[in-house]
A.B. asks: 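Sharing a structure with you now.
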Protein chains: 2
Amino acid sequence: MALGRPRAFDMERALDRALEVFWRKGYEGATLCDLTAAMGINPPSLYAAFGNKEGLFRRALDRYETLHEASWNDALAAPTAYEAIARLLESTAISLGDKRNPPGCLMVQGALCGGEECDAVKQELTARRDASVALIRERLRRAKREGDLPDDADPAGLARFVATVIHGMAVQAAGGASRKELERVAATAMTAFPK
Amino acid sequence: MALGRPRAFDMERALDRALEVFWRKGYEGATLCDLTAAMGINPPSLYAAFGNKEGLFRRALDRYETLHEASWNDALAAPTAYEAIARLLESTAISLGDKRNPPGCLMVQGALCGGEECDAVKQELTARRDASVALIRERLRRAKREGDLPDDADPAGLARFVATVIHGMAVQAAGGASRKELERVAATAMTAFPK
DNA sequence: AGGATTATTTAGTGATTGCTACATATGTAT
DNA sequence: ATACATATGTAGCAATCACTAAATAATCCT
């Protein structure tokens, strides 16, 4: 067992509460007071466990990605590229339309812009969004090798289009769009996808 | 002429500077210190002219919309719905890809989320984004009446799809996407549009 | 039992936030 | 000239920001 006095709060549970706050208010809008209140701990405990606000945010980002990893993997594991992207957009609509979650997407609204003190966080989010574009692109490249996409298809361009639709759906959801509306957007987007 | 001591700064010029700051940092991230420095005035002048930070932001929003009004009107005035949307997406790509502007779109990143003190601003932005969806929808309804869109076309759904792509492009642009990449996204989106 | 190590609570820190009181400056109306 | 009305610069307001010093509490190891 670890040395010293044991931690009195549950890390994962506290992280989930912090995630909820960041998701709802963004990096800049989430105050330490909000965070400690939601997590049920005092500032020194937060700093001992996570370093600082930015460290906590990065951990919350990891947690957020973990929560969505399974549905992304499931979607991209579909036999054809078309089906993979269709499932990806559908699961995005379901997740963004779920009113049990805060509205919108942490990867988008966590820090699209802001004061200089959140430049690093802004960069981190951009990098993670780009990583998800790369994930889609690789799936489409594979599809092209497997003859599943036409030879003249452009995996990079299509991947960016799909990501654009996903991020646009996140903006719609932040503005209160329903699951049905998001699913309709997803279905329309799929008509742009080579079959 | 107006009574009292005349204003020593140019309102429009000052508003443009404020717009630039809000555009780059968002409503929450823009401090009054940033704003007064950029506008070249002291806080009391700002408050006398604009009421408070939120009032200044709303004026900056008006100015932002004015700047984009012409290209929106031009695009939607195209003879066919297809061409109207194509032009709309193209001009969006050009505007968002113009490195002389701050990255991204004020309507999106101005306040997607944030602390409670910016709830009103968040609502205002949502309302204005919804208004632009309505603008597109009305153009598509007209197209349907004119036989320019198939009878089974869904103007509301298509309008929301187009808005979703535009807002997604704004997120890409905030992350540094180039004009070319945005134009490619726009072109791909158009393949989902009935011709 | 006693020392070492880590967590927690309390109570703050200096810096920055949006905003304003007050005195002064600059214009018009009479 | 005097009164009135509005704008400006100086200086600073209370509140909140992210963060921490210091004392105490709870565990392990010897």
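Every value quoted in this text rests on a predicted model; they were computed, and no experiment measured them. Chain identifiers are assigned alphabetically (A, B, ...) following the order of the sequence lines, protein sequences preceding nucleic acid strands; residue numbering begins at 1 within each chain. These values consider heavy atoms only, across backbone and side chains, with no hydrogens, waters or symmetry-generated copies.
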A.B. asks: How are the rings of B:Phe161 and A:Phe161 set relative to one another: parallel (under 30°), tilted (30 to 60°) or perpendicular (over 60°)?
C.D. replies: perpendicular
A.B. asks: Starting at atom CG of A:Leu3, determine the distance to atom C1' of D:dT30, rounded to an integer number of angstrom.
C.D. replies: 12 Å
A.B. asks: Can you check the B:Arg5 CZ to D:dA5 C1' distance for me, whole Å?
C.D. replies: 12 Å
A.B. asks: In terms of the nearest nucleotide of DNA chain D, which residue is placed more toward the 5' end: A:Tyr47 or B:Gly40?
C.D. replies: B:Gly40
A.B. asks: Here's a test of your reading of the structure: between B:Tyr27 and B:Pro6, which maps to the more 5' nucleotide of DNA chain C?
C.D. replies: B:Tyr27
A.B. asks: Against the six-membered ring of B:Phe9, is B:Arg13 placed for a cation-pi contact (under 6.0 Å from the centre, within 45° of the normal)?
C.D. replies: no
A.B. asks: Picking from C:dT8, C:dA29, D:dT10, which would you name as closest to the side chain of B:Pro44?
C.D. replies: D:dT10
A.B. asks: As a test of reading the structure: which of D:dG9, C:dT8, C:dT17 is closest to the side chain of B:Ser45, going by heavy atoms?
C.D. replies: D:dG9
A.B. asks: For A:Leu46 and C:dA7, give me the distance from atom CG to atom P, rounded to whole Å.
C.D. replies: 13 Å
A.B. asks: Quick one: B:Leu35 CG to C:dT16 C1', roughly how many Å, whole number?
C.D. replies: 15 Å
A.B. asks: So among B:Trp72, B:Trp23, B:Phe57, which one has a ring-ring contact (aromatic ring centres under 6.0 Å, His included) with B:Tyr64?
C.D. replies: B:Trp23
A.B. asks: Could you check how far CG of B:Asn52 sits from C1' of C:dT17, rounded to whole Å?
C.D. replies: 14 Å
A.B. asks: What nucleotide among D:dA7, C:dT9, C:dC19 has an atom nearest to a side-chain atom of B:Pro43?
C.D. replies: C:dC19
A.B. asks: May I have the distance from B:Asp34 (atom CG) to C:dG18 (atom C1'), rounded to whole angstrom?
C.D. replies: 12 Å
A.B. asks: Can you figure out which of D:dC19, D:dT8, D:dC17 approaches the side chain of A:Lys53 most closely?
C.D. replies: D:dC19
A.B. asks: Looking only at heavy atoms, which two atoms of B:Thr36 and B:Asn42 are closest? And how far apart?
C.D. replies: CG2-C, 4.1 Å
A.B. asks: Would you kindly give the CD-to-C1' distance between B:Glu28 and C:dG18, to the nearest whole Å?
C.D. replies: 13 Å
A.B. asks: Could you check how far CG of B:Leu32 sits from C1' of D:dT16, rounded to whole Å?
C.D. replies: 15 Å
